[in-house]
*Asks:* 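Have a look at the structure that comes next, please.
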Amino acid sequence: MATDTKQSNSKCYIRNDSIQSRQSPSNGIKQTPKVGPNFQLGKKIGCGNFGELRLGKNLYTNEPVAIKLEPMKTKTPQLHLENKYYKLLGSHQGIPEIYYFGPCGKYNALVMELLGPCLEDLFEMCERKFHLKTVLMIAIQLLHRIEYVHSKHLVYRDIKPENFLVGRKSTNNDNVIHIIDFGLAKEYIHVETNKHIPYREHQSLTGTARYVSINTHLGREQSRRDDLEALGYMFIYFLKGSLPWQGLAADTIKERYEKIAQTKISTSIEALCDGQPEEMATYLRYVKKLDFFETPDYEYLRNLFTSLFDRMGYVDDGYFNWSGITYTVNKRGSLSIKTNEFVLSDEQDRATRNSRMNGWQGDSKHSTFGGLTSTDCQETSETTNDGKIDDPTGGPSNTPIALNCDTDTSSDTGCCGFFKKMKKKSVNKK
């Protein structure tokens with residue numbers, strides 16, 4: 001994994017000569033390469049340490065898909081392992097569908113469901129603050145997702161907003177949050193012995209430093225408890241807009257990690273959850289007390305949030321802060337937001353949305369977010385595996401991106417972390 005943008009770009013670059021459109025020797029017509037029996041390879045929309053991410057479509061149904069390409073000769077192949085985990089998870093709500101895995105020229109290709117924007121992009125869309133109702137609905141869904149992943153004997157190890165995507169509006173699935181990118185996942189139950197993996201120390205940091213558990217910072221082997229603690233930090237991030245350990249100045253990556261760990265350890269649960277419902281602190285106290293081998297009580301944790309949801313008088317109508325906001329993806333891959341549609345579910349949500357809508361209406365043009373734009377997003381390069389640094393763009397390395405793909409999907413899809421930046425055209429000096 002790369003430690004800076006230049007290095008990341010060099011590592012994730014894939015030669016296009018073996019997969020780009022080819023000229024037919026007989027008639028000169030370009031033939032777009034196929035992946036598997038019925039998928040067409042489209043334009044490149046992102047890259048990561050695994051290789052390239054491209055758009056594609058089903059040649060028989062014209063349905064858009066996402067296609068990941070990983071060089072067969074890569075030193076650390078991950079795509080086959082991710083495909084294995086997706087097969088293990090199977091068809092289930094909130095798990096992207098996998099359509100094909102196999103060779104494509106000199107690459108392995110994983111064809112998967114195209115999804116909508118990730119929670120980080122939606123967070124940016126909502127001015128980096130989610131209403132309590134939205135956070136509670138997110139929390140309840142994600143506790144279901146993590147419980148299901150754990151039930152398949154996998155510990156996820158990469159909790160971050162970029163790895164949770166809503167479905168596409170055109171599929172009427174945009175209120176379902178999907179968990180994606182199992183590149184850092186690990187089996188915590190041995191297949192042969194059916195026993196829990198042993199507790200170990202002196203492990204390198206694996207995950208995104210902003211959200212990983214304190215035990216992970218201390219070099220302890222991760223288990224189910226660590227996924228839940230990381231989720232708790234993400235919920236607080238959504239409620240407060242930031243975490244106390246963001247934006248810490250450091251000369252090196254190692255120093256930054258140490259400062260994040262020190263701040264995370266020294267920040268009490270009460271201070272972290274100050275101004276938030278007591279249930280948030282109760283959640284964190286519970287998951288921090290879990291033993292390495294212990295099976296969490298997921299139902300108890302969900303009940304914390306469902307009880308708070310009912311006590312606040314919220315209606316379970318499936319509408320989040322971003323529901324009713326019209327967003328599109330332009331030709332540059334940037335998420336453009338319109339504010340002419342708001343679905344208001346209760347008085348508190350109405351007040352929140354109206355204030356945001358008034359703020360957006362100050363500009364007659366649509367607001368456009370070209371990826372992460374906040375000044376405190378230094379930690380977006382913190383996803384690590386064995387001490388290596390992930391893509392500094394902050395995007396997930398193995399994300400089913402949603403963008404336009406020769407079909408009319410631009411009205412309901414967004415891409416997370418891989419927004420294309422327009423290169424300034426060079427001006428010839430006269």
Side-chain angles (χ1 to χ4, degrees), residues 1-12 47-49 76 118-121 123-124 128-129 157-163 181 183-184 201-222 226-227 229-274 284 288 369-397 416-419 421:
M1 297 183 179
T3 56
D4 56 53
T5 305
K6 184 180 292 184
Q7 186 176 354
S8 174
N9 288 340
S10 64
K11 283 196 172 187
C12 69
C47 64
N49 298 285
T76 56
C118 69
L119 291 183
E120 183 65 33
D121 289 334
F123 194 49
E124 289 283 347
R128 301 189 61 77
K129 191 71 177 290
R157 304 202 306 172
D158 198 14
I159 299 292
K160 59 181 178 181
E162 293 88 349
N163 282 347
D181 193 351
L184 298 183
E201 295 187 350
H202 309 295
Q203 303 298 299
S204 57
L205 192 152
T206 298
T208 301
R210 183 185 295 179
Y211 305 104
V212 296
S213 68
I214 291 175
N215 283 321
T216 304
H217 281 290
L218 296 176
R220 296 166 182 165
E221 181 76 58
Q222 294 187 54
D226 301 288
D227 281 345
E229 184 177 335
L231 275 180
Y233 295 141
M234 193 174 75
F235 300 154
I236 298 299
Y237 169 76
F238 286 148
L239 286 169
K240 302 182 79 170
S242 64
L243 292 166
W245 43 86
Q246 284 182 237
L248 301 177
D251 294 330
T252 64
I253 293 295
K254 181 180 179 181
E255 182 184 349
R256 188 201 301 172
Y257 286 175
E258 290 174 351
K259 286 190 174 183
I260 291 173
Q262 291 168 2
T263 306
K264 201 175 287 187
I265 293 169
S266 63
T267 302
S268 67
I269 293 177
E270 290 70 28
L272 181 63
C273 300
D274 182 49
L284 283 173
K288 283 173 176 284
F369 295 96
L372 301 179
T373 57
S374 62
T375 56
D376 63 352
C377 280
Q378 298 178 45
E379 285 75 46
T380 56
S381 64
E382 289 159 9
T383 297
T384 67
N385 185 10
D386 298 331
K388 298 176 183 178
I389 313 303
D390 201 0
D391 185 3
T393 61
S397 59
C416 165
F418 284 120
F419 289 108
K421 296 182 179 180

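We number each residue from 1, following the sequence as shown.
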*Asks:* With Glu270, which residues qualify under side chain to side chain contact (heavy atoms under 4.5 Å, CB included), at least two apart?
*Replies:*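 Only Ser268, Arg285 meet the side chain to side chain contact (heavy atoms under 4.5 Å, CB included) criterion with Glu270.
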
*Asks:* How far does CD of Glu221 sit from CG of Asn215, to the nearest 0.5 angstrom?
*Replies:*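 So the gap between those two atoms works out to 11.0 Å.
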
*Asks:* Can you list the residues that meet the side chain to side chain donor-acceptor pair (under 3.5 Å) rule with Gln222, with sequence neighbours excluded?
*Replies:* none

*Asks:* Taking all heavy atoms of Lys264 and all of Ala209, pick out the closest pair and write down the distance.
*Replies:*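 Here Lys264 and Ala209 meet closest at NZ-O, 2.9 Å.
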
*Asks:* Minimum heavy-atom separation for Phe238 and Phe123, please, with both atom names.
*Replies:*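 What the structure gives for the nearest pair is O-CE1, 3.5 Å.
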
*Asks:* Answer whether the closest heavy-atom distance between the side chains of Leu272 and Leu243 falls below 4.5 Å.
*Replies:*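 Answer yes - side chains close enough.
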
*Asks:* Measure across Thr263 and Ser266 and return the closest heavy-atom pair with its distance rounded to 0.1 Å.
*Replies:*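 Shortest heavy-atom contact: O-OG, 3.2 Å.
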
*Asks:* Nearest 0.5 Å please: distance from the CD atom of Glu258 over to the CD1 atom of Ile253.
*Replies:*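 Between Glu258 CD and Ile253 CD1, I get 11.5 Å after rounding to 0.5 Å.
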
*Asks:* What I'd like to find out is whether the side chain of Ile159 reaches to under 4.5 Å of the side chain of Thr208, using heavy atoms alone.
*Replies:* no

*Asks:* If the condition is side chain to side chain donor-acceptor pair (under 3.5 Å), which residues does Lys259 pass it with, not counting sequence neighbours?
*Replies:* none

*Asks:* What distance do Ile260 atom CD1 and Gln246 atom CD have between them, rounded to the nearest 0.5 Å?
*Replies:* 9.0 Å

*Asks:* Within this structure, what is the CH2-OH distance for the pair Trp245 and Tyr211, rounded to the nearest 0.5 Å?
*Replies:*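 Taking CH2 in Trp245 and OH in Tyr211, the distance rounds to 10.0 Å.
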
*Asks:* Check whether Asp158 reaches the backbone of Asp181 with its side chain - one donor and one acceptor, N or O, closer than 3.5 Å.
*Replies:* no

*Asks:* Just jot down the side chain to side chain contact (heavy atoms under 4.5 Å, CB included) partners of Lys240, sequence neighbours excluded, or say none.
*Replies:*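 Checked Lys240 against side chain to side chain contact (heavy atoms under 4.5 Å, CB included); matches are Ile236, Gln276.
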
*Asks:* Taking atom CZ of Arg210 and atom OH of Tyr233, what is their separation to the nearest 0.5 Å?
*Replies:*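 Reported to 0.5 Å precision, the distance equals 14.0 Å.
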
*Asks:* Tell me, please, which residues at least two apart from Leu218 pass side chain to side chain contact (heavy atoms under 4.5 Å, CB included).
*Replies:* Ile214, Arg220, Ile265

*Asks:* In the structure I gave you, are the side-chain heavy atoms of Arg128 and Glu120 within less than 4.5 Å of one another anywhere?
*Replies:* yes

*Asks:* Between Gln203 (side chain only) and Glu201 (backbone N and O only), is there a donor and an acceptor less than 3.5 Å apart?
*Replies:* yes

*Asks:* Of all heavy-atom pairs between Cys118 and Pro161, which one has the smallest distance, and what is that distance?
*Replies:*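 Residues Cys118 and Pro161, closest heavy atoms: CB-O, 3.8 Å.
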
*Asks:* Testing the basics here: between Leu184 and Arg157, what is the closest heavy-atom pair and its distance to 0.1 Å?
*Replies:*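 Minimum heavy-atom contact is O-NE, 2.7 Å.
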
*Asks:* If the condition is salt bridge (charged side-chain N to carboxylate O under 4.0 Å, His left out), which residues does Lys254 pass it with, not counting sequence neighbours?
*Replies:*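 Testing Lys254 for salt bridge (charged side-chain N to carboxylate O under 4.0 Å, His left out), a comparison that skips the adjacent residues, returns none.
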
*Asks:* So which heavy atom on Lys160 is nearest to which on Met234, and how close?
*Replies:*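 Taking Lys160 first and Met234 second, the nearest heavy atoms are C-SD, 3.6 Å.
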
